[in-house]
Amino acid sequence: MAILQIRQAIRDAMKEEMLRDERVFLMGEEVGHYNGAYKASEGLLEQFGARRVIDTPIVETGFAGVGIGAAMCGLRPIIEFMTFNFSAVAFDQILNNAAKIRHMTHGQFGVPIVFRGPNAAAHMLGSTHSQAFEPFYAHIPGLKVVAVATPYDAKGLLKSAIRDDNPVVFLEAELMYSVKGEVPDEEYTIPIGKADIKREGKHVTLITWGQAVPISLKTAELAAKEGIEVEVIDLRTLRPLDTDAILASVMKTNRAVVLFHGWPYGGVGCEVIARIQELAFDHLDAPVLRECYEDVPFPYAENLEHLCLPTPEKGLAAVKKVLYKR
Amino acid sequence: MAILQIRQAIRDAMKEEMLRDERVFLMGEEVGHYNGAYKASEGLLEQFGARRVIDTPIVETGFAGVGIGAAMCGLRPIIEFMTFNFSAVAFDQILNNAAKIRHMTHGQFGVPIVFRGPNAAAHMLGSTHSQAFEPFYAHIPGLKVVAVATPYDAKGLLKSAIRDDNPVVFLEAELMYSVKGEVPDEEYTIPIGKADIKREGKHVTLITWGQAVPISLKTAELAAKEGIEVEVIDLRTLRPLDTDAILASVMKTNRAVVLFHGWPYGGVGCEVIARIQELAFDHLDAPVLRECYEDVPFPYAENLEHLCLPTPEKGLAAVKKVLYKR
Amino acid sequence: MTASTATSEAAATTTAEHAAAEIAAQFKGQSKDDTLRDYLAMLRIRRFEESAARAYTRGKISGFLHLYIGQEAIAVATKQAIAAHDRVVSAYRTHGFALALGSDIKACAAELFGKAAGLVGGMGGSMHFFDKAHQLWGGYAIVGNHIPVATGHAFASKYTGDGAVTLVFMGDGAVGIGPVHEGMTLAGVWKLPIVFVVENNQYSMGTPLKRSVPVEDITARAAGYGFHSDRFHVTSVHETRARIAAAVDRARADNQPSLLELITYRFRGHSMSDPAKYRQKEEVDTWRLQDPLERTLLALQQLHGLDEATLEQHDAKIIAEVDAAYEFAEATPQPPPEARFENILVGE
Amino acid sequence: MTASTATSEAAATTTAEHAAAEIAAQFKGQSKDDTLRDYLAMLRIRRFEESAARAYTRGKISGFLHLYIGQEAIAVATKQAIAAHDRVVSAYRTHGFALALGSDIKACAAELFGKAAGLVGGMGGSMHFFDKAHQLWGGYAIVGNHIPVATGHAFASKYTGDGAVTLVFMGDGAVGIGPVHEGMTLAGVWKLPIVFVVENNQYSMGTPLKRSVPVEDITARAAGYGFHSDRFHVTSVHETRARIAAAVDRARADNQPSLLELITYRFRGHSMSDPAKYRQKEEVDTWRLQDPLERTLLALQQLHGLDEATLEQHDAKIIAEVDAAYEFAEATPQPPPEARFENILVGE
Ligand SMILES: Cc1ncc(C[n+]2csc(CCOP(=O)(O)OP(=O)(O)O)c2C)c(N)n1
Ligand SMILES: Cc1ncc(C[n+]2csc(CCOP(=O)(O)OP(=O)(O)O)c2C)c(N)n1
Ligand SMILES: [Mg+2]
Ligand SMILES: [Mg+2]
């Protein structure tokens, strides 16, 4: 097994799928000559040429739409948003075209496309560049939404996303591109729609995804020191949600916390809570809590930004709260 | 008291505020010469002239941004989206400019603006024209979000929204513009942030807003026939949520259903559920259920559309379910 | 009744006499067969839509219904100008394209009625006609958001070398919106085989051109994209075909995108819910003299001596076909309840 | 060290001799005082940013830091061209505007450091400079989304009759995005007092103009909006001022919007994280000969005989001011924790 960074795992997934399937191409700002703003596409232009690794002007609606239109013709575009913050200007294309064209055309056309790029806060980028977009996309029927936290998951899920016949929103994280981990040398894929238990435990279920996975694992470590065994479930796919995996854990632990990068109101965190309380009501010994961003636009100042983010310490406090401990 | 339609109440609110404050203007597609796609602005061009009732080309990002820029100069724009479906192309302006400029400029500039128009499904408009936008906007700190269901509320809340120094997303409903109700002859406003008990009851709390309010009231009628007293809470403001009002009712009834026009995943419905289970956990005798759209893009066909919508019958079933009755 | 009846008064004016001379010049060289073919193709669309309007009034069709009456020549010319593998992408005013491109008229009517046998299974209604088998790639109801998508079709053609040209249509009201600009920018930077066609019917809903576009000539912007451009009044199928075909050729032969402005008029309101009070009868009457359907009829009568009886026969045949389509639409069943869960995601 | 040292080699070439003659012609008629004023205004910005770059490298500044080095003449000229109540709106490459417009240099540095005394309280960092008291209305970090907002300022001017002109700046990479087109469309339809300025510094991140704009001349699109336009190389403050002033006048006097393309160059990478490997040293060297700062320095030396010692004195004064600003930035406190809840909603 090789030890790869997430950025390499993502690049390898794209490379392998491009080798495997002539219809796959990569398009976005600076993905080619610049090798990607975060170097996820390093070397791909050189390997595949400008026909299949396509630099675009700064027109997110334009190239998101081009990807959709190309997918309707049978191609399999990977559209990189330099960050998902910039997908806001392409929102209508994703909401009204990518998600609906199969339905709207009664199946005459499909949109096998992947929109990928870094999501949520990085470090001191200010309010316009520090937003988590899964609440917007996971809400929409017709899309799949994936968020990855390890090189292994990144590669296996991105390959599945590229092969998927549906539009997939694929969320990475700028600060995690250098995270390293083992990746099998042989080919593999990971099914979309399956959560992963990243750590087993029996006292509290900690549900998490994306950039919050390492925070959750650290939360579990802190808790372990106090004798609390936290089970960490990495959702990996946010739409469709792996409700079975969530319920199985909560029925064991009877307590749950949702820990994520993003604003609190609505979104994936609340969806998880709503399902747990509906489907495991009699198993719950405490309310399900969420630990996430503060409900504010992100400040640039380092100290303030830090205060707005979820941390292992805050995670631990929530874990103890659902255990009614102090 | 006059009996007015909601469209008249909205028009009167705009008219009175425009008379009261020279800085208020109305801008949008067909708001002037056409008198509004749904006639909410009928007569305003004639009364106030083209300087203050401004027809725009079809450029939602453009005129949303113009409204924001004008608000920063001290004006108080009312921006009409012909329907909120078209706000998707202006999403970035609302997310990154309207909601953040006060914060981003450290209070040097404010954005006293109202974005208003019909929201959610009407009748057989198909998937691109039948969407509820509150999940997207209520998620965003820096915005207020209001949804109205009666002429009284529409007028009182729109006047408050226009006077508010913050950006307010104001949600109406196409099929409700003709709904009639009493509106005081004298001037009044309704504070943003306060829910309203539309019907008292003690067995189940039904939390609702906007276009689902009449459905909820009918649900309550149906329930009453079976001896179930449903308390109907019209949230009216979705951000900030009136948590106190929700909790007070749930602590009385110990059971709750959220009934709304919109897709299930995440959004306001889940937020209400997350808060109830967190803050009234020990008072709940049953899980909180939601009754809303089916999780699908809206079909045009009349029979299918009807199946996707919440109804009093479905509301009643949910009410009985939380009472563990059949 | 032939289509001429409605304008018989207007036709009696001096302007109409002048128009007659114009028509003689314009249709000279067109064979009788071709002229009749064009006329009937337009008439068929018009009859279909007149019936749609009646069905709407009777409550059989709901949602938004945008009629193409007055613009039919464009769809008919488009069909004639393109190759069998080209693509046509339109906004929501699409019945004319579907019929001209060869979509099943019964499926079109059934779609308006929201029936399972509809063009898209009753899922889309009037605004969302799609018929891949007949080159109709939409049917989009959000103004301008089909332009990047169509640009993507053209991108795919260049990528795969399939030799197809994409023709994408939009209204005069669409040219200000951002996605249109972005799609054109990409087509210009990448040199894609695409033709952008503005159907300038003078209004976007109640808004006349001068309130929505900063300059009179929409093609003035072609220079900013490095596009060829062309701009003309649509008064006949054959001229429209020739000028669209020139742009299609440029796209196919040289990957050279074009911007065409086709000046036309819609005789009905924006949609069935619009009484179109914002314009005067005189304006409408003036435009009637330019109605390609009317002009082609005059050509048939004046240049080819087609008599009323023959015209009536043709019309009766079309009306019978249209009536049958609407009868079918009425009788055919609604989609089954489970249809609402289909075609959302595949492979589940 | 004066600013000239860095290019002393390039200045020794024949091209540079030719440039010297050019400079003599260009600066003829400019008084020594004015030329010195312009030079120092540019130099002050450059020194501020050189220090910013060092502070970034030392980890004192984080996030994205986009330097204006090479483009300073535009900000300086803008300040000279506008009236006291006009508005300047820019994207995220904003330090130059802030300093030229009169923002407190300490507050600018403190903002980069994320401190409470920063221009926007440490909330925005480099990308979000706003200083209402000094006519700086942003500071926007989403490409193009400030264009409709700036159009709104101009709308407000027309609405209130305040007589102000709005000048809005964008990069060459921004001209393709939809909101820019929509803002320009509205300014054109409504005839607003606004000047759209494209700072064409040849690149958007690593993308050269030819991959992002379909035609070489960005002002080719002005015709589509009915705008006046102007296009020129920025090589001195005074010429730039004059040409911006002409557009400001048209806006103020006649509500006539303009599109200006100012051809310039950024000598650093896109942001501090960009090593700018996508361009050759020769290219950069060629552009150095056009650097307005260098040229103005040459003018001072050649035409006005300003000696090294005097230049050193001026520079030392500027460096002292800049150093003091960064010392202040370092020493001044971070915002208090509760600051993160401020300025989100008011009147709660
Ligand atoms: C983004 C968006 N904004 C508004 C609308 C509502 N709308 C539908 S059609 C239309 C007018 C379009 O006019 P034009 O482009 O000239 O086409 P025409 O109807 O004349 O064929 C408007 C405003 C929409 N569908 N999408
Ligand atoms: C909508 C959007 N897409 C992408 C980005 C990322 N981005 C920031 S600056 C930039 C390049 C802009 O280049 P240009 O407009 O020429 O301005 P310059 O940096 O040269 O001043 C890009 C791609 C962004 N901020 N917003
Ligand atoms: Mg039109
Ligand atoms: Mg640039």
Drop me the distance from [X]'s [atom1] to [Y]'s [atom2], to the nearest 0.5 angstrom.
X	Y	atom1	atom2	result
B:Leu95	D:Ile142	CG	CD1	8.0 Å
B:Asn97	D:Asn145	CG	CG	4.0 Å
D:His153	B:Leu75	NE2	CG	11.5 Å
D:His128	B:Lys100	NE2	NZ	9.5 Å
B:Thr56	D:Trp190	OG1	CH2	6.0 Å

At a heavy-atom separation under 4.5 Å, does [X] approach chain B through its side chain, its backbone, both, or neither?
X	result
D:Tyr159	both
D:Ile147	neither
D:Ile344	both

Any side-chain heavy atom of [X] sitting closer than 4.5 Å to one from [Y]?
X	Y	value
B:Cys73	D:Thr160	no
D:Tyr140	B:Asn96	no
D:Val149	B:Gln93	yes

Worksheet item: Is a side-chain N or O of B:Asn166 found less than 3.5 angstrom from the main chain of D:Val346, in a donor-acceptor match?
Response: yes
Discussion item. Any side-chain to backbone donor/acceptor pair from B:His103 onto D:Asn343? Under 3.5 Å, distance only.
Written reply: no
Worksheet, complete the sentence: Residue from D:Asp131, D:Thr185, D:Asp162, D:Leu192 scoring the most non-hydrogen pairs under 4.5 Å with chain B is D:Asp131
Worksheet, complete the sentence: Most contact-rich option vs chain D, by heavy-atom pairs under 4.5 angstrom, among B:Ile58, B:Ile54, B:Asp165, is B:Ile54
When you look at [atom1] of [X], are more than 12 heavy atoms from neighbouring residues, nucleotides or ligands closer to it than 6.0 Å?
X	atom1	answer
B:Lys194	NZ	no
B:Glu46	CD	no
D:Lys106	NZ	no

Discussion item. Please determine whether side chain to side chain contact (heavy atoms under 4.5 Å, CB included) holds for the pair D:Phe130 and B:His106, giving the CA-CA distance in whole Å, both sets of side-chain angles, and the decisive distance to 0.1 Å.
Written reply: CA-CA 9 Å; D:Phe130 282 82; B:His106 202 226; over 6 Å; no
Item to complete: For residues B:Pro57 and D:Leu186, report the shortest heavy-atom separation together with the two atoms involved.
Response: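 Distance-wise, the nearest heavy atoms are CD-CD2, 3.3 Å.
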Region of [X] in contact with chain D, defined by heavy-atom distances below 4.5 Å:
X	value
B:Phe63	both
B:Leu143	backbone
B:Gln108	both
B:Ile192	neither

